[in-house]
Amino acid sequence: MLYALGSYTRMGGPGVGILEAKDGKLQLLCASSAVTDPTWVMQSPHDPSILYTSCMKDGKGAVASFQWTKEALTLLSYQPSLGASCCHVMVDEEESHLYAASYGDGVVSVFPVKNGVIGPVMQGLPHDAPTGPNKIRQNCSHAHQCVFRPGYPELFVCNLGTDQVVVYARKEDGAIALSKTIPAHPGVGPRHLLFDGPNRFYLVGEMDGWIMVYDCIGDEWQCRQRLSTVPGGCDGENTAAALYRDEKRLYVSNRGYDSIAVYQILPDGLLAFEKELMTPGKFPRDFQLHEGGILLAQQNAGGVAIMDMDGQMGASLEIPGAVRLCMLQED
């Protein structure tokens with residue numbers, strides 16, 4: 001299995017990389033430091049040879065695209081965004097436009113795309129709203145992720161600073177306009193969400209660690225459940241990060257407490273805590289379900305590592321500042 005890697009170059013990471021996980025072993029096949037701090041990497045839904053990434057340019061937010069093989073990564077395009085600290089990217093269904101969330105100021109930037117090449121930014125939309133109760137972490141608007149609702153021209157943006165999921169309507173020309181906001185509990189700091197069909201999503205609240213279940217009832221989104229990602233509690237600071245699911249379970253990573261929380265998905269979509277798996281390294285910012293286990297991207301120590309579903313460590317690869325893993329489909 002091949003994975004695209006994102007890593008902090010400022011921490012000594014290789015930048016964007018292509019990683020092979022095979023027969024219980026890990027190998028970094030190639031990498032490119034052509035961009036600074038690529039924190040999110042995604043594969044084109046139409047051309048498997050294209051990768052899109054959030055990154056930095058001259059100290060400001062930016063986006064880039066690469067063409068990849070097992071032997072090399074080639075930079076195709078590199079554009080500054082209209083927001084600070086770009087942290088997440090997503091393309092629309094047609095792959096005619098790319099959307100970027102900026103953590104530094106909450107701006108969502110829109111770029112035209114053609115054949116994997118990103119054009120100059122065409123729109124930058126800030127979200128100004130009252131911020132949450134944490135005056136240090138929620139000092140301003142902080143857009144953390146943008147994702148389309150399945151089957152709808154609606155872009156959902158997690159905003160850590162305002163304790164909201166902000167919904168934008170996508171127009172025919174690719175531009176977006178504010179449609180509605182979905183409130184989260186004060187102080188949870190929405191980070192990432194995962195859709196389960198068009199009318200349900202699971203939302204990770206970064207601050208302290210929360211997982212929430214939202215259902216669309218009529219035209220209104222309602223939070224049906226809110227659970228801690230560390231049910232037994234922990235000493236010190238913990239921030240939840242990534243979430244993924246398989247057919248029966250949902251998984252959430254904790255940074256600080258350094259674990260993967262595992263929940264059963266009940267028939268009605270609600271969650272029941274099952275167990276926690278302590279990670280071998282520190283700060284598991286991202287992970288992927290891999291061959292019956294978990295492949296970890298551990299930002300502060302341990303690099304990329306394989307862990308089974310009993311919490312036993314397998315192979316590891318020392319990659320400083322590893323923050324993103326994207327499973328790749330080959331031609």
>> Test side chain to side chain contact (heavy atoms under 4.5 Å, CB included) on His192 and Leu243; report intermediate values, then the result.
In response: CA-CA 7 Å; His192 280 192; Leu243 78 165; 3.8 Å; yes

Taking atom types as modelled, find out whether [X] and [Y] have a side-chain donor-acceptor pair closer than 3.5 angstrom.
{"X": "Tyr214", "Y": "Asn199", "answer": "no"}
{"X": "Arg285", "Y": "Tyr8", "answer": "yes"}
{"X": "Tyr168", "Y": "Glu154", "answer": "no"}

Heavy-atom pair with the smallest gap, counting every atom of [X] and [Y]:
{"X": "Gly17", "Y": "Leu73", "result": "CA-CD1, 3.9 Å"}
{"X": "Ala261", "Y": "Asn254", "result": "CB-ND2, 4.1 Å"}
{"X": "Tyr3", "Y": "Ala21", "result": "CE1-CB, 4.1 Å"}
{"X": "Val41", "Y": "Gly6", "result": "CG2-CA, 4.0 Å"}
{"X": "Phe195", "Y": "Pro198", "result": "CE2-O, 4.2 Å"}
{"X": "Ser81", "Y": "Cys86", "result": "OG-CB, 4.4 Å"}

Just by modelled atom types, is the [Y] backbone N or O under 3.5 Å from a matching donor or acceptor in the [X] side chain?
{"X": "Thr229", "Y": "Ala240", "value": "no"}
{"X": "Ser65", "Y": "Gly116", "value": "yes"}
{"X": "Gln222", "Y": "Asp215", "value": "no"}
{"X": "Asp37", "Y": "Arg10", "value": "yes"}
{"X": "Asp308", "Y": "Gln312", "value": "yes"}
{"X": "Ser102", "Y": "Asp105", "value": "no"}
{"X": "Asp92", "Y": "Ser96", "value": "yes"}
{"X": "Glu276", "Y": "Val262", "value": "no"}
{"X": "Asp163", "Y": "Gly189", "value": "yes"}
{"X": "Ser141", "Y": "Asp128", "value": "no"}

>> Does the plane of the ring in Tyr251 sit parallel, tilted or perpendicular to the ring in Phe287? Use 30° and 60° as the thresholds.
In response: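 Tyr251 and Phe287: perpendicular rings.
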
> Using the ring of each side chain (for Trp, its six-membered ring), is Trp221 parallel, tilted or perpendicular to Phe156, with breaks at 30° and 60°?
Replying inline: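 Correct class here is perpendicular.
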
Out of curiosity, [X] [atom1] to [Y] [atom2], how far, rounded to the nearest 0.5 Å?
{"X": "His144", "Y": "Tyr103", "atom1": "NE2", "atom2": "OH", "result": "5.5 Å"}
{"X": "Leu160", "Y": "Glu206", "atom1": "CG", "atom2": "CD", "result": "5.0 Å"}
{"X": "Arg170", "Y": "Glu93", "atom1": "CZ", "atom2": "CD", "result": "9.0 Å"}
{"X": "Leu29", "Y": "Glu71", "atom1": "CG", "atom2": "CD", "result": "8.0 Å"}
{"X": "Asn238", "Y": "Ser259", "atom1": "CG", "atom2": "OG", "result": "6.5 Å"}
{"X": "Ile319", "Y": "Leu19", "atom1": "CD1", "atom2": "CG", "result": "5.5 Å"}

> Does the gap between the ring centers of Phe148 and Tyr99 come in under 6.0 Å?
Replying inline: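 Yes, close enough.
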
Side-chain touch [X]/[Y], heavy atoms, less than 4.5 angstrom:
{"X": "Thr53", "Y": "Val63", "value": "no"}
{"X": "Leu296", "Y": "Pro280", "value": "yes"}
{"X": "Asp268", "Y": "Arg224", "value": "yes"}
{"X": "Leu295", "Y": "Val304", "value": "yes"}

>> Between the side chains of Arg249 and Glu274, is the shortest nitrogen-to-carboxylate-oxygen separation below 4.0 Å, so that they form an ion pair?
In response: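 Counted as a salt bridge, because a side-chain N and a carboxylate O are separated by less than 4.0 Å.
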
>> Under 6.0 Å from the ring centre and within 45 degrees of the ring axis: does the NZ or CZ of Arg149 meet both conditions for the six-membered ring of Tyr152?
In response: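 Judged by the rule, Arg149 and Tyr152 form a cation-pi pair.
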
>> Using the rule given for side chain to side chain contact (heavy atoms under 4.5 Å, CB included), can you reason through Val165 versus Leu203, listing the C-alpha separation, both sets of side-chain angles and the distance that settles it, and then say yes or no?
In response: CA-CA 9 Å; Val165 175; Leu203 174 66; 4.1 Å; yes

> Does a sphere of radius 6.0 Å around CG in Asp47 hold more than 12 heavy atoms from other residues, nucleotides or ligands, not counting ones at 6.0 Å or beyond?
Replying inline: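 Result for CG/Asp47: enclosed.
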
>> Evaluate Leu2 against Lys70 for side chain to side chain contact (heavy atoms under 4.5 Å, CB included), listing each step before the verdict.
In response: CA-CA 9 Å; Leu2 296 178; Lys70 292 182 180 180; 3.7 Å; yes

> Taking it one step at a time, do Val113 and Tyr52 satisfy side chain to side chain contact (heavy atoms under 4.5 Å, CB included)?
Replying inline: CA-CA 11 Å; Val113 176; Tyr52 299 103; 3.4 Å; yes

>> If hydrophobic clusters are built from ILVMFWY residues whose side chains come within less than 4.5 Å, do Phe283 and Tyr257 share one?
In response: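 No.
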
